[in-house]
Amino acid sequence: MSALARCSPIYYNCDACKCVSSSQNHQTSENRNLVTNRRSSKPNRLILHNRSKNPNDPSLTRALREFADSGLMEDALHLFDEMNKADVFVWNVMIKGFTTCGLYHEALRFYSRMVLTGIKADSFTYPFVIKSAAGASSLLEGKTVHAAVIKLGFDSDVYVCNSLISFYMKLGCERDAEKVFDEMPERDVVSWNSIVSGFLAVGDGVRSLVMFKEMMECGFKPDRFSIMSALGACSHVEDCLRMGKEIHCYAIRSGIEDVMVLTSVLDMYSRYSEVSYAERVFNGMSNRNIVAWNVMIGCYARNGRGVDAFLCFQKMSERTDVITLINLLPACEEILEGRTVHGYATRRGFLPHVVLETALIDMYGEGGKVKSAEAVFDRMGEKNLVSWNSMIAAYVRNGENYSALKLFRELWDWDWDWDSSSLVPDSTTIASILPAYAESLSLSEGRQLHAYVVKARYSSNTIVLNSLVHMYAMCGDLEDARKCFDQVVFKDVVSWNSIIMAYAVHGFGRISVCLFSEMVTTSGVSPNKSTFASLLAACSISGMIDEGWDYFNSMKREYGIDPGIEHYVYMVDLIGRTGNLSSAKRFIEDMPFVPTARVWGSLLKASRNHNDITVAEFAAEQVLKMEHDNTGCYVLLLNMYSEAGRWEDVDRIKLLMKSQGVSKTTSCSTVVTRGRTHVFTNGDRSHVETNKIYEVLDIVSRMVEEEEEEEEESYVHCVSKMRPETLLKKKRNSPRRHSVRLATCLGLISTETGRAVVVRNNTRICRRCHEFLEKASKVTRREIVVGDSKIFHHFSNGCCSCGNYW
DNA sequence: ATAGGGTTAG
């Protein structure tokens, strides 16, 4: 060991060579790595001079501070090398310098060097070190430092504790943060602010507000920091508009009205859709920065004020940033400027940018431009879970369930062992994909997803549970839909709408109505447009005519909700059901909307059910004007004409269909047994258990005493003109071998006896099958649930929940 | 000398 080293009290453990060298030698070589473009200073007399216990020259210390404070860490390092390191202060200056530059790892390395050198850290050291541990997101280092803090007795220092609170909050350890806070011998405003903003940061807005209140009760006056956090909490917690307004008033009274505070106020009003309040705050701001403009644009864009959003955007001219565009995009759907904004973003060089690209996917998805959304998604260099979720949602929203499921499976099968950054479906993913399962009717896969929901601990998430309710209901399992609904602790309007609709489509309108009154009397949740849509659906499907009218009339009168076109559709169904078709027609003519194909379709269905060809022809004409490829419309006419024996009309429609390129959809039914989905077409003999299925069908048919096929007039007509192969096809299409019966029979023999047999059918069930299923439910003593293209029929003990009208 | 801060996509 050199004389130089021996006279120095400072030794340094070298990690690289395991030697113990003098700090001077080692540091110089190590620092050379950091300070690449400068020559390191050579040891000289000055250093020998400084090796003594003499304190550092005040001018040197001042210079070091100046370097560090202005971010010149290279210069600071040089100077540091030449100074006496027995002094804690110089270490603190260095650590602080690195921390403020964001060189957190460097700061932490300096701290450990300091400890290893034998210098005792003081109460000034720790706040910086802890901040660096937070910045480096290193829970382990932070906890180690915390241990040292306790050992050295700094755990009563306000500054140290305040930084510990922020550290733990930043790393999501709110319990540790709270413990530090609770055990502090004295707290100041910063302690309170740290805990209030911390709870907000970990997503617990409620506790944030609770602490804010407690802070005031303890006699602390909220400052601008407290106000900003509390306003943020109000924005993230439901029903806190009042509280937000109170805080706004407090800010005004206390004269705290700087740009940042006002921007927080603005954001709070924006999130509560209080556009005029937001405008007032924005207009009253003496100087606005880009953030304020962005918030105002977002406020307009998300509240149906697209034009104003664009006006703001124009006023900003080129002073826009990526966030401006992200906020502007929701307005594009309304203004139809999506592509323009996309182009603008490209020209300004804002792309690629994950959040902006994700916002573009949403925008295209909302506007029905799935292909554009897909193009953005496919070209993204960096994708996060949100991007995947948006793309899945875009597919689902536009009915591309197959693509949605494919993408979801890709995400699902992600190689999670590859590294920790791999993407794991979250509650949003689940809530987005579940409707696709509901639409694609794959109950077994939906169940698998439910299992995942439980495993991933999303089973108390309202949004997830709501979509599970919907999925189960649409897949035919009303019982499990109800179970999920009952599991929702915090029921929102969507929860209620989902369950009301579930009972409605299953033909239990009475229960829907009861649930509605429970909703308005006890739950405290206010009904919205969709609630009434579900309710009117329930009334129309279950034939509750008077109630339907009552609800329709009370919508506007009692709840201030204007009926939309969807409500009129259900009303046409409802009126049509009574058989008063002229009244239904008049209702359509008097409604304040241009009738859609769906509205006329509703009248068409009613005229078919009441066998009124004249009205049917009129309604069909209207439908075909708008949708000349509407298969269902042609088929319905075809059936009505053939039942009436109007063969020339039958042929005319057939010709029309051919010219329009429309063909009858092949009717098929599916049933799930032991997790496997079986598909049947009419007269299908392709199933491995075909013989067994037909045997069962025979037995059940005999039990229900269905009469041998009568040679109906229509049948005779067809037969007489048919070629042999067509005749064979016709025979296969006999109601006695309809797919729905085949699927039901397989269901009867391969599912548990206690459970209902659930069959899905892509077309409307024919009268004869309906009758068959009614009787079959009685003789087999099984509940049979059949979902057709619109509703579910629950056959039980000889009766159907649809009351024989569908 | 030290600690705490506003905007964005689902």
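Numbers restart at 1 for each chain; the letters A, B, ... are given by sequence-line order, proteins then strands.
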Which part of the nucleic acid does A/Arg302 contact within heavy-atom distance under 4.0 Å: base, sugar-phosphate only, or nothing?
sugar-phosphate
Nearest to the A/Leu385 side chain among B/dT8, B/dG10, B/dG4, which nucleotide is it?
B/dG10
Between B/dA3, B/dT7, B/dA1, spot the one nearest the side chain of A/Asp122, thanks.
B/dA1
Across the strands shown, which category fits A/Asp362 at heavy-atom distances under 4.0 angstrom: base, sugar-phosphate, nothing?
sugar-phosphate
Just do the side-chain hydrogen bond (donor to acceptor under 3.5 Å, both in side chains) check on A/Thr99 and A/Ser132 with the steps written out, would you?
CA-CA 6 Å; A/Thr99 307; A/Ser132 283; 3.0 Å; yes
Any N or O donor-acceptor pair under 3.5 Å from the base of B/dG6 to the side chain of A/Asp267?
no
Whether the side chain of A/Asp426 and the base of B/dG10 hold a donor-acceptor pair under 3.5 Å is what I'd like checked.
yes
Among B/dG5, B/dA3, B/dT7, which nucleotide has an atom closest to any side-chain atom of A/Met260?
B/dG5
Run the salt-bridge test on A/Asp321 and A/Arg348 with the 4.0 Å N-O cut-off and return the result as yes or no.
no
Using a cut-off of 4.0 Å on non-hydrogen atoms, how would the nucleic acid contact of A/Asn389 be classed: base, sugar-phosphate, or nothing?
base
May I ask you to check if A/Arg253 and A/Tyr250 form a cation-pi contact, with NZ or CZ under 6.0 angstrom from the six-membered ring centre and within 45° of the axis?
no
Heavy atoms only, 4.0 Å cut-off, all strands: where does A/Asn92 land among base, sugar-phosphate and nothing?
base
I want to know whether A/Tyr104 and A/Phe98 have ring centres closer than 6.0 Å.
no
Tell me which nucleotide among B/dG6, B/dA9, B/dA3 gets nearest to the side chain of A/Pro127.
B/dA3
Counting side-chain heavy atoms from C-beta on, which of B/dG4, B/dG10, B/dT8 comes nearest to A/Ser390?
B/dG10
Measuring from the side chain of A/Thr428 (C-beta onward, heavy atoms only), which nucleotide among B/dA9, B/dG10, B/dT7 has the closest atom?
B/dG10
Side chain of A/Phe128 (C-beta onward), nearest among B/dA3, B/dG4, B/dG10:
B/dA3
Starting from P on B/dG6, measure out to CZ on A/Arg288 and report it in whole angstrom.
22 Å
Rounded to whole angstroms, how far apart are CD1 on A/Ile392 and C1' on B/dG10?
11 Å
Atom CG of A/Asn287 to atom C1' of B/dG6: distance rounded to whole Å?
14 Å
Let's test your reading of the model: under 3.5 Å, does the base of B/dG6 pair with the side chain of A/Asn289 as donor and acceptor?
yes
Reckon A/Phe89 touches a base, only the sugar-phosphate, or nothing at all at heavy-atom distances under 4.0 Å?
base
Mind checking A/Ser123 for me? I need base, sugar-phosphate or nothing, with any heavy atom below 4.0 Å counting as a touch.
base
Are A/Arg280 and A/Tyr277 in a cation-pi contact, defined as NZ or CZ under 6.0 Å from the six-membered ring centre and within 45° of the axis?
yes
Which nucleotide sits closest to the side chain of A/Thr358: B/dG6, B/dA9, B/dT2?
B/dA9
Stacking of A/Phe124 on B/dA1 base (centres under 5.5 Å, planes under 30°)
yes
Is it the case that A/Asn294 and A/Thr324 place a side-chain donor and acceptor less than 3.5 Å from each other?
yes
Looking at B/dG4, I'd like to know if its phosphate oxygens (OP1 or OP2) sit under 4.0 Å from a side-chain N or O belonging to A/Lys131.
yes
